[in-house]
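Working notes, beginning with the structure itself.
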2 protein chains.
Amino acid sequence: MTPKPPEQTPSATPASRSRRERPAKPALTYEGIVGTAVALMRSEGLQRVTMRRLAQQLDTGPASLYVYVANTAELHAAILENLLGEVDLSPVRAPGDWRERLVTLLGSCTRTLFQYPGLAHSALVARPSGPNYLALVESVLALLHEGGVPDAQAAWGVDVLLQVATATAAEQSTRDRDAAAEDEHEALVRALRQATSAGHPRIAALGDDLFSGSPEQRLAWTFRAVINGTEATPRTH
Amino acid sequence: MTPKPPEQTPSATPASRSRRERPAKPALTYEGIVGTAVALMRSEGLQRVTMRRLAQQLDTGPASLYVYVANTAELHAAILENLLGEVDLSPVRAPGDWRERLVTLLGSCTRTLFQYPGLAHSALVARPSGPNYLALVESVLALLHEGGVPDAQAAWGVDVLLQVATATAAEQSTRDRDAAAEDEHEALVRALRQATSAGHPRIAALGDDLFSGSPEQRLAWTFRAVINGTEATPRTH
DNA sequence: ACCTGAACACCGTTCAAGT
DNA sequence: ACCTGAACACCGTTCAAGT
């Protein structure tokens, strides 16, 4: 499923107009483009995967890419689908409590998205439809089914669970990577701490508990809460 | 809290180097910049609120804005804080079931973010820390408290609830506004429908129920599920 | 059919210089 | 102190022209 990037091999046919003695340039293919894009993202982050940079990497002009890819959004979606192949789906067939296995699986999803700056962010906008995404959806549904969650609730719950997994990765990864975003978070912490019981009684009452726990603890609790809510909330209304 | 935009009034002092007979240009202030930015967003969407366009609107060069605003992210956060003032917090003090009032309040939040393309998207990354955001957090906490949700769970639950409200708005608004994003969604629907009971048994079993319901129905169910989960999930683990 | 040079219409941010 | 012209280093996308 993961196409190998077209690494320039010395055995390739020589380019007619060779600039210096660069290894021959491979023919463009969709798989090659996506593979190179994934490699570029791994080394420099998604925000650097632009049409122009990618074209440069492939030793061509940006216009050439438009033969294979409709636009930047589609390119980013293809990268995401590719990366989703790294999510560990093994908890589906593992022994143990189905809830904890689902929490583990969703955690792997968040961690995968979190690994590359910008990826989670793009995942919120461009839901992919490739085989890796389908496998992920199927896995979540299988665990909900094993847990006896009614089908109607599982059908809507899977969306929420994946959305939470994605949104958390997006938030965390911008906060960790971007200095400006961390400043913003500190400003929020300060503002919440300064809330008085006159102006904001509940914020003041909860105090530091609003920021308690490690990101991992909070994420695991969040998954458990959404799983429990999905299980307990009938769709009739 | 909402600064008025510095609408050019004819009574303002005339600019020394007047290009044509444009009304005099008001002095730059932080409030004026944010107000103009909000107006620009309302008319053209957040993606058009760039430093350069905003500067043009204020009849100055982009460099001048950097005296008041550190960067584009900070500008977008300021716009968001401003818009959060439009969220209807009245359900907090209304009569009726606390759950349904919380669903209504969160729905107003989603609808506000959804109104302007790009706003929700930026909200996921740059959490604001202004008074309007604090008021929103306080309101959610107040309703959870009224419902007898334990403090420890409310403290973590408020984050999840606002995250879901924001992420849903982001998803919906890109899907509605962007033709390419809608194509992508249709591709996903097609892929899910084509899933066979051999390859993806749970997806096949649920079938069209995966896409059932209006966006409003799904959103309300999602809020209810997360509220129920927050209420029912202890933090000890 | 596939590829591309060149152009169009933009960006954010910095910094030396001016007032 | 505040403001800005000009530059630097980029973008996505299109399209006529080439092979």
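Naming convention: chains lettered A, B, ... in sequence-line order (proteins, then strands); numbering from 1 in each chain. If you're wondering where the values come from, they're calculated on a predicted model, not measured in any experiment.
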Original post:
Starting at CG of Leu54(B) and ending at C1' of dC10(C), how long is that distance when rounded to a whole Å?
Top reply: 16 Å
Subject >> Residue pair Arg48(A) / Leu40(A), side-chain heavy-atom distance below 4.5 Å >> reply: no
Original post:
What's the CE-C1' distance between Met51(A) and dA9(C), to the nearest Å?
Top reply: 17 Å
Original post:
If you find the nucleotide of DNA chain D closest to Arg52(B) and the one closest to Ala63(A), which residue's nucleotide is nearer the 5' end?
Top reply: Arg52(B)
Subject >> Sugar-phosphate only, base, or nothing, as touched by Thr50(B) at under 4.0 Å among non-hydrogen atoms >> reply: sugar-phosphate
**OP:** Can you tell me the pairing partner of dA16(C) across any strand shown, Watson-Crick or G-U wobble, with both distances under 3.5 angstrom?
**Re:** dT4(D)
Original post:
Any donor and acceptor pair, going by atom type alone, linking the side chain of Glu81(A) with main-chain N or O of Ser129(A) inside 3.5 Å?
Top reply: no
Original post:
What is the distance, rounded to the nearest whole Å, between atom CG of Asn71(A) and atom C1' of dT14(D)?
Top reply: 13 Å
**OP:** Let me know which of Val38(B), Ile79(B), Thr36(B) forms a side chain to side chain contact (heavy atoms under 4.5 Å, CB included) with Val49(B).
**Re:** Ile79(B)
Original post:
Is Thr72(B) touching bases, backbone alone, or none of the nucleic acid, heavy atoms closer than 4.0 Å?
Top reply: sugar-phosphate
Subject >> Between dT13(C) (P) and Tyr68(B) (OH): distance, integer Å >> reply: 18 Å
Subject >> Pairwise P distance, dA9(D) and dA9(C) [rounded to whole Å] >> reply: 24 Å
Subject >> Identity of whatever pairs with dA9(C) - Watson-Crick or G-U, under 3.5 angstrom >> reply: none
Subject >> Gap between atoms CG and P, on Leu28(B) and dC3(D) respectively (whole Å) >> reply: 5 Å
**OP:** Would you please classify the geometry between the Trp156(A) ring and the Trp221(B) ring as parallel, tilted or perpendicular, with 30° and 60° separating the classes?
**Re:** perpendicular
Subject >> Atom-pair distance (OH on Tyr30(B); P on dC2(D)), nearest Å >> reply: 16 Å
Original post:
Expressed in angstrom and rounded to an integer, what is the separation of Tyr66(B) atom OH from dA1(D) atom C1'?
Top reply: 20 Å
Original post:
Gln47(A) CD to dC10(D) P: how many Å, rounded?
Top reply: 15 Å
Subject >> Arg42(B)/Glu86(B) under salt bridge (Lys or Arg N to Asp or Glu O under 4.0 Å): CA gap, chis, key distance, verdict >> reply: CA-CA 13 Å; Arg42(B) 278 188 216 277; Glu86(B) 288 179 16; 2.9 Å; yes
